[in-house]
Amino acid sequence: MTDLALRESTEIQGDVLAGFKKDHAQLLFLKFDDATRARTWLRRLKPRIATTRQVAAFNAAFSEARRNTGGDDPRALHAVWRSVSFTHGGIRTLTGKDPFPDTVEGTTQHAFKQGSAVRAGMLGDTGDDSPENWLFGDSNAQPVHAVLTVAADKVEDLREALAQERQEASVHKVVIVFEQDGGTLAGDRRGKEHFGFKDGISEPAVEGFDLPDPENPGWKKGSPGTRIIPAGEFVIGEETVEGTPSDLPDWAKNGSFHVVRRPGQDVPGWWAQIGARLKELKSAKAVPPEATAEWLAARMVGRWRSGTPVAKCPHAGMSSDPEAATDNNISYANDL
Ligand code: HEM
């Protein structure tokens, strides 16, 4: 029997291995104005934090119910999940000491300690994208100490949970520096990224969390093309690809790193580029004469809007195979 012990973890927060996968979500960027009250805030928040065990069980029941109804979301199954992460400054404020006093350049701890504003140049966050134009996390603005994620299936549940979190924050002198809506797009665009393409198809499977395919060990059962990755690539303290234990301290065990970036997508600009490039390619006779903007855009992404891979379905975005939209058993090297 394969051991899927990580599915039962009550030490790893939800949304690390078991994704929240909610239509409605909000990120609250927080600053602690009073260390003692912030510690009380955290103690009270702890029982509201979703564990991997809760989220994994919910997601399994949800998928099962969806299969039984032929793909509809089961309305009777709904939940509200919360997770929390801290910046270096946040941990320092809560504990009263530097969590990583001696860091070595080039290590994860060092990057975490420096924070994203100091490292902006390395990531190409310059010019319009430089920290002085950020909505949060800029070193000149209010510091961010924690990020609280709240996610729900029903919009009214999210609203109620947010009201509770705003109240809890306010009584404990936890300032909400910024709030980011993290919900899916509305209507037909649900589950799609802003250019209009199905998102969230390729997700890595995790050893000790996802069942391997008995025919093809190393790959996830029921999801051809999805490789199983050692859990240590996501969770501190577990085995990594290189097999080496993490050099992070014991208290960080079962933790993870939460990256928050706020990229902009210039949707009209992107589609205008597709149109302009298509014209050039057509006059250079580099593409078939019947090629459309959709045709070229699909080749830029490697998938049609529906998610169907170009490598398997070069001529149309809709395949008669219902699994095509989530097909991962492809190589982008074979795009036609
Ligand atoms: C505006 C920004 C982005 C857009 C529009 C975008 C769009 C997409 C789309 C449409 C897919 C295919 C659907 C899927 O597999 O979920 C995809 C896959 C993927 N994206 Fe992005 N993405 C963006 C940013 C990023 C960033 C910042 C990263 C990594 C840091 C990333 C990493 C990936 C990976 C690893 C895949 C899976 C590729 C595979 O099938 O092997 N993407 N993206």
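Starting from 1, each residue takes its place in the sequence as its number. Just so you know, ligand 1 is whichever comes first in the structure, and atom 1 is the first atom listed for that ligand. If you're wondering where the values come from, they're calculated on a predicted model, not measured in any experiment.
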For the residue pair D23 / T184, report whether a side-chain donor-acceptor contact shorter than 3.5 Å exists.
no

By number and element, which atoms of ligand 1 are closer than 4.0 Å to a non-hydrogen atom of V301?
10 (C)

Which atoms of ligand 1 have any heavy atom of Q265 under 4.0 Å away?
1 (C), 5 (C)

Answer side chain, backbone, both or neither: which part of I201 comes under 4.0 Å from ligand 1, heavy atoms only.
both

Check this for me - ligand 1, F197, N or O atoms closer than 3.5 angstrom, yes or no?
no

Close approach, G200 and ligand 1, non-hydrogen under 4.0 angstrom
yes

Under-4.0 Å salt bridge between D153 and K22
yes

Is R299 close enough and on-axis enough to W295, meaning under 6.0 Å and within 45°, for cation-pi?
yes

Quick one: sort the F100 and H88 rings into parallel, tilted or perpendicular, breaks at 30° and 60°.
parallel

One finds that the ligand 1 atoms under 4.0 Å from a non-hydrogen atom of D199 are 16 (O)

Does the plane of the ring in F197 sit parallel, tilted or perpendicular to the ring in W271? Use 30° and 60° as the thresholds.
parallel

Going by an N to O cut-off under 4.0 Å, is there a salt bridge joining E179 and R166?
yes

Would you call R190 and D73 a salt bridge, taking side-chain N to carboxylate O under 4.0 Å as the test?
yes

Provide the number and element of each atom of ligand 1 under 4.0 Å from a heavy atom of F195.
5 (C)

R261 and ligand 1 - part of the residue with a heavy-atom distance under 4.0 Å:
neither

For K198, the ligand 1 atoms whose distance to one of its heavy atoms is below 4.0 Å:
10 (C), 13 (C)

Find all atoms of ligand 1 within a distance of less than 4.0 Å from any non-hydrogen atom belonging to S202, and give their numbers and elements.
14 (C), 15 (O), 16 (O), 37 (C), 39 (C), 40 (O)

